[in-house]
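Notes to accompany the following structure.
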Amino acid sequence: MSKSLEVVLKRVIEDVPVAADFEVVERVAPTTAPAGQLLVRVLYLSLDPYLGSRLRGRHMGEPRPAPGETLPGSAVAEVIASGHPDFAPGDHVIGEAGWAQVGLMDAKFARKVDPALGVSNHLGVLGMPGLTAWAGVTQLAKVGAGDVFTVDAAAGSVGGTAGQIARILGAKAVGIAGGADKVAQVVERYGFDAAVDYRNEGWADELKTLTDGGPTVHFENVGLPILNPVFGLLKTYGRVVICGLSAHYHADGPPPQFGLGPIVGKRAAVMGLVVYDFYPRWNEWVKTAEPWLKEGRLVQVEDLGEGLKSAPAQFERLMKGANTGKTLVKVG
């Protein structure tokens, strides 16, 4: 009888999740794959900002997991046994198998991936963060040559990928991040043209200078603390993509409202982005990104935890904004 470690909730979460909210348990590992299921060995676990809301039952109407239940979250895994004709042992797949070493994955929601493109890349630049960035930059904002593109949380996986795509498409990319280390990462690792530290007084004035008066496109990941000053700089007929609201995820009520007057005054197009709408086009993004990855024009920066037991601490780092790049746990 083989055993598998799994991370579960220790208690019901009512506030921003911290490491102490989780516990590592040992379970009897499954040995076969029932029909429609895949028995997998998890290689990398993805930790993403939306999970902070999901674990509290505040994400897109999805139910919150109870203490001891299998936790949501994407993983890249190797198939051990298959209960579905489209998958075979040895295949690499993306799906949900819990925060576990070994688990079952629903084949209906699993997606086969090419490990030659970098196993962990399929959770970052080729995964949901990359798809999110591609959808916002190319499908909604339609960024192109001559655009001046700004994005906040620019050291994160979505923001960093969005800026890289914008530059590849001919735009000038200026990031907004918190702290000197993250600002350096945005420029030196992701290759943005420039970046500002929103913790510094006068950062909006610096952003105005770096964007030659203001952006033509802004990609929002944080919420009103950043959006309000940046929107004031937006060029007339500019475009704004609202992707994330991390500053408001853990508030007791809905986020404060954004005024309609400034939108009219700027003649701006403001678009909401829900990445689930673009899941059917995931392969299109991977095919687009593949040559960029191979040419070194698109890179992934990783904040990596070693071993499943590091997952609670890694998740707390993410919730506190202390992560740099894509937050992952190397499981197997």
Side-chain angles (χ1 to χ4, degrees), residues 36-38 40 42-55 57-65 70-77 79 82 84-87 91-99 103-115 117-143 151 153 156-162 164-166 219-221 241-246 249 271-293 298 300 326-328:
Q37 297 286 309
L38 306 174
V40 300
V42 175
L43 303 176
Y44 288 89
L45 173 66
S46 177
L47 301 179
D48 297 285
Y50 83 92
L51 288 171
S53 297
R54 175 70 193 278
L55 297 183
R58 298 186 178 188
H59 180 73
M60 307 291 290
E62 295 173 308
R64 69 197 303 171
T70 296
L71 294 178
S74 295
V76 60
V79 176
S82 174
H84 192 284
D86 291 345
F87 299 90
D91 284 345
H92 285 73
V93 292
I94 295 288
E96 291 196 353
W99 296 20
L104 291 173
M105 186 179 289
D106 190 333
K108 181 169 59 176
F109 300 110
R111 185 168 54 87
K112 199 179 300 186
V113 298
D114 181 2
L117 297 178
V119 174
S120 62
N121 282 340
H122 289 288
L123 294 174
V125 292
L126 299 177
M128 184 172 65
L131 179 67
T132 303
W134 172 78
V137 172
T138 68
Q139 304 305 299
L140 297 184
K142 302 186 184 304
V143 174
V151 58
S157 189
V158 172
T161 305
Q164 291 180 80
I165 295 171
F219 194 112
E220 182 57 54
N221 290 308
V241 175
I242 308 292
C243 174
L245 298 170
S246 63
Y249 285 158
M271 295 157 277
L273 169 58
V274 176
V275 69
Y276 301 154
D277 297 343
F278 296 89
Y279 274 18
R281 301 179 64 184
W282 211 316
N283 288 337
E284 181 182 348
W285 161 235
V286 172
K287 289 179 181 178
T288 299
E290 182 175 349
W292 296 345
L293 273 172
L298 185 65
Q300 174 162 302
K326 175 69 191 123
T327 304
L328 297 168

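Heads up: numbering here begins at 1 and tracks the sequence. Since the structure is predicted, the reported quantities are computational estimates derived from the model, not experimental observations.
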Applying side chain to side chain contact (heavy atoms under 4.5 Å, CB included), run through R281 and Q139 and close with a yes or a no. CA-CA 11 Å; R281 301 179 64 184; Q139 304 305 299; 3.0 Å; yes
Step by step, work out the side chain to side chain contact (heavy atoms under 4.5 Å, CB included) result for W134 and E284. CA-CA 10 Å; W134 172 78; E284 181 182 348; 3.7 Å; yes
I'd like to know whether L117 forms a side chain to side chain contact (heavy atoms under 4.5 Å, CB included) with V286, so could you lay out the CA-CA distance, the side-chain angles of the two residues, the decisive distance to 0.1 Å, and finally the verdict. CA-CA 10 Å; L117 297 178; V286 172; 4.2 Å; yes
Please assess E96 against D106 for the test side chain to side chain contact (heavy atoms under 4.5 Å, CB included), listing each intermediate value before the final yes or no. CA-CA 8 Å; E96 291 196 353; D106 190 333; over 6 Å; no
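To the nearest 0.5 Å, atoms CG (D91) and CG (D114) are separated by 11.0 Å. One finds the NE2 atom of H92 at 12.5 Å from the NZ atom of K112 (value rounded to the nearest 0.5 Å). We find the OG-CD distance between S53 and E62 to be 10.5 Å, quoted to the nearest 0.5 Å. Separating the CG atom in L140 from the CZ atom in F278 is a distance of 4.5 Å, to the nearest 0.5 Å. In this structure, L328 CG and S157 OG are separated by 8.0 Å, a value rounded to the nearest 0.5 Å. The distance from atom OH of Y44 to atom CG of N121, rounded to the nearest 0.5 Å, is 9.5 Å.
Shown here for L51 and P72, the closest heavy-atom pair between the two residues is CD2-O, 3.7 Å. Closest of all the heavy-atom pairs between A133 and V158 is CB-O, 3.6 Å. For the pair T132 and C243, the tightest heavy-atom approach, listed with the atom from each and the gap, is CG2-SG, 3.4 Å. For the residue pair R111 and L126, the shortest heavy atom distance occurs at NH2-O, 4.3 Å. Nearest heavy-atom pair across G159 and N221 is CA-ND2, 4.0 Å. When all heavy atoms are compared, the tightest approach of W282 to M128 is CZ2-N, 3.3 Å.
Looking at heavy atoms from C-beta onward, P65 lies in side-chain contact with L55 at the 4.5 angstrom threshold. Within the 4.5 Å cutoff, no side-chain heavy atoms of T138 are placed close to those of W285. Using a 4.5 Å heavy-atom threshold, the side chains of W99 and V42 count as separate.
Put simply, the side chain of Q300 never gets that close to the backbone of G118: no donor and acceptor are under 3.5 Å apart. One N or O on the side chain of S82 and one on the backbone of F87 form a donor-acceptor pair closer than 3.5 Å.
Residues that satisfy the side chain to side chain contact (heavy atoms under 4.5 Å, CB included) test with D277, not counting sequence neighbours, are V274.
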